[in-house]
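A quick write-up on the structure given underneath.
Just so we're on the same page: letters track the sequence lines, and every chain starts at 1.
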Amino acid sequence: MKQFWAFVKKEWYHISRDYRTLLVLIGMPIVQILIFGYALSNEVKNTRIAILDFAGDSYSKELTDKIEASRYFETVTYLRSMNEIDRSLRSGEAKMVVVFPNNFTQQLVHQHESQLQLVTDGSNPNLSATLINYINAITRDFQTRVINEVSLPYTIHVQTRMMYNPQLLGAFTFVPGVIALVLMLICTMMTSVSIVKEKELGNMEILLVSPMHPLAVVFSKAVPYIGLSVGILSIILLLSVFLLGVPISGSIILLYVVSLIFIISALALGLLISTITNSQQVAMMISLMGLMLPTMMFSGFMFPIESMPIPLQWISNIVPAKWYFFSIQSIMIKGLGMEAILKEFLTLCGFAIFFLVLSVRNFKVRMA
Amino acid sequence: MSIQIENISKSFVGDRKVSALQNISFQVEPGKIFGLIGPDGAGKTTLFRILTTLILADEGQATVQKYDVIKDYQKIRRIVGYMPGKFSLYQDLSVLENLKFFATIFGTTIDENYNLIKDIYIQLEPFRDRKAGALSGGMKQKLALCCALVHRPEVLFLDEPTTGVDVVSRAEFWDMLKRLQTKGITILASTPYMDEASMCDEIALIQDGQILSINTPSGLISEFDSPLYGVSADDMYNVMNDLRDHTSVVSCNTFGAEHHVQLKPDIDPTVIRKDLEKSGHENVRVELITPTIEDCFMNLMQQ
Amino acid sequence: MFSIEVESLTKKFGSFTAVNSITFTVKSGEIFGFLGANGAGKTTAMRMLCGLSRPTSGQASVAGFDVYRQAEEIKQRIGYMSQKFSLYADLTVLENIEFYGGIYGLTRGEIKDRGEELIERLDLRGEEEIMVAELPLGWKQKLAFSIAIMHRPSIVFLDEPTGGVDPLTRRQFWELIYEAAATGITIFVTTHYMDEAEYCDRVAIMVDGNIRALDAPEKLKRDMGLATMERVFYSLAREATRGD
């Protein structure tokens, strides 16, 4: 055990002394989050919206007041017909139109559910997504209050229609996306490169010819990277909560548990790469091209998986980041619990075990 | 026997099957310095890797301190020290951090075996906080030796420890090995420098995966089968050409200031001198000399 | 006629003086040995002469060109080979010849003629299509040297060209050097093998950035009263206080 920790310490020296790489690893997600946050916080205050109220009844008025009362929105105009929506958005007069259907209150009271339509300018997808999320939050809040008052289960279905860019790049999908990418980068690429570096330097020969079990060598290498990953994950979460105002609606503990499983599967992948290659260059190429690219393409945070051709959708299933992305999005944004992401969670566990077993089996106690 | 090697063969399958070792056998007695001497590509590193349990031989058996290199690999890994040829330590760790790390990996501490590494470590002490990457070649090599010794191994494997190091550091290094020998450590060292052979108790000359000869350094020289003459003159290059063309000359190898020449049996060396002078060479000297290990190596290569 | 003229050449890296005001000349067609312990400043000096590194102060001309102002002209007239930099292992013998011939600006015809001649001289006939990786080390080094002088440079710089090569090939390599010198090419060579120092017409021994001795090997041995160049080198280099 002493050997194990000596190794962890040594590995930590390597990481902390290569301050350029460390700076990139910590700086990159921060910069990404900051750039995004800057763009977001500048625009989302007092956004001009238009209201099209077909109902004109008590609840629609109350909700309109509530929306106007928030610091995010400013109602510039009240529209009278559907035809006016396009003109209003096109001219830039409004960034979003909130449409109340006929009988909004009536439906809510009698059928216990009602519709609320949001039409947004999809040409700025990040903004649109943010606005929708704010309206969602306000509506939820409104709902809770109404339910408390009348103690009846009401539901308002918010229907959103993104004009001009229906394939939305969601704003809140960005944070989980950055998290998935960064964890993949640190765990898979850094681990595989650092193990292969030992081989290249010839130090692996010495370590193999030592009483320390070769697998212990490799596992102790993973420890500092787990620490680093969790640290960076925390930084991203802190920034996104306090700077971007992205809520962590679900359980933070669950968020970390799922992340840890993903980290382990990414580390195992890194280990697997290191067992099949002997040069840092190749390890880096495999990690970047073989893993980073699919992570970006198939995790769903850049391109919606539902709109991909069926074969690609099928491929996306073997990308662990996809499952991670779905679960973290569910936890963070939708505030769902374990029962909602059980399938994703188990799939991730499966990946972690599969890669671990494969890489341990592939690991040689001798040189190739 | 400290190391016992019997009929070891190993080949690598690449584009072409390369035979790295062919039927190698030798033994090293406890407490001896055994030198494996041969050029790059002779198979020295392959043999070291087989003995340090890093790769498996295709055929043959080998034991280190009576442990089988295949079956008992974990036991061997506890009792040997190994300094690979391409070994660069951790460049971003200081001298002390490197040494501490390897001590812990081998389940010991620097203090525990300090008397063994003391002689070498004292020279490194002034640089203990310097990064290994900033050390000179000679110092790096001393640190590497310290790291290989820190767990008091019974057998020390040194793969080309002096390659690329200057003459002064090389001489110091062999002095250190001599001192280690007095502490009962068996040493197997390889080198491409023939002049280092004299520092070993016993040597094996190796070329193209085959052992040319195993002997003591003096025994090898006494085995040299014909008289050897040192020839020099003013124009060394043309003397060489003329000697090679001479009918009585068996071989002529350049050795810096003189050519080492073997003659056909019963040829009087004065004939050579006269013939060279006849061809216009000046200050011709021909004298009987003692062969060096390098002469022996070339002689065996040409057989 | 001097091929290399160096006067008070100095190179400093910050406060560290790697090469301290060295002065020497090398005659055309001479085999000049440049010896020194690790870190003595050999490589730095050689880089300045090849036009790869700008001196801090002092004068130097190589093949009649100034190292400060005419680095490009110098590069046209020198050949360079080291143990580390060799040929492309994944190209064939012929491809390497064609590539380097092209780099040195030889015409198609020259490459063909000199390539043929080179293959003939090195006894590589029939092996032209073999990957350089598959050649034995000694052959690689001989081929690398022959390619380095294919464009008939006036000077060739050899940085430890024979490290790890077997003794027979090492001698064949030196015979190639002799042949090249006989055609008038100046040879500037560094080595760790002290017997090779004896092949040189003159040797310079560097210690801690200074040239401590410079003369014919015979004369150095006589003056210092020592039997071999190894002893000569050892007695000078052991005084060194710095490493690389």
Pick one of side chain, backbone, both or neither for B/Phe297, based on which atoms fall under 4.5 Å of a heavy atom in chain C.
side chain

Classify the ring geometry of C/Phe24 against C/Phe34: parallel below 30°, tilted from 30° to 60°, perpendicular beyond 60°.
tilted

Select one option (side chain, backbone, both, neither) describing which atoms of C/Leu168 are under 4.5 Å from chain B's heavy atoms.
both

Parallel, tilted or perpendicular: which one describes the rings of C/Tyr178 and C/Tyr199, with boundaries at 30° and 60°?
perpendicular

Against chain C, label B/Gln302 side chain, backbone, both or neither, depending on which of its atoms sit under 4.5 Å from a heavy atom there.
side chain

Tell me, for B/Met139 versus chain C, whether the close heavy atoms (under 4.5 Å) come from the side chain, the backbone, both or neither.
neither

Select one option (side chain, backbone, both, neither) describing which atoms of B/Glu258 are under 4.5 Å from chain C's heavy atoms.
neither

Between C/Met229 and chain B, with a heavy-atom cut-off of 4.5 Å, which part of the residue counts as in contact: side chain, backbone, both or neither?
neither

Between CZ of B/Phe157 and CG of B/Leu36, what distance do you get to the nearest 0.5 Å?
11.0 Å

So that I can tick it off, tell me whether B/Asp195 and B/Arg170 are bridged by a salt bridge, with the cut-off set at under 4.0 angstrom between side-chain N and carboxylate O.
yes

Which answer fits B/Thr254, side chain, backbone, both or neither, if we ask what part of it has an atom under 4.5 Å from a heavy atom of chain C?
both

Using a 6.0 Å cut-off, check whether atom CZ of B/Arg285 has over 12 heavy atoms from anything other than its own residue.
no

Kindly say whether the aromatic ring centers of C/Tyr80 and C/Phe157 come within a distance under 6.0 Å.
no

Is the side chain of B/Gln123 donor-acceptor paired with the backbone N or O of B/Tyr121 at a distance under 3.5 Å, no angle test?
no

Using non-hydrogen atoms and a 4.5 Å limit, figure out which bit of C/Pro217 sits close to chain B: side chain, backbone, both or neither.
neither

So which of C/Arg171, C/Glu179, C/Glu230, C/Gln172 has the largest heavy-atom pair count under 4.5 angstrom toward chain B?
C/Arg171

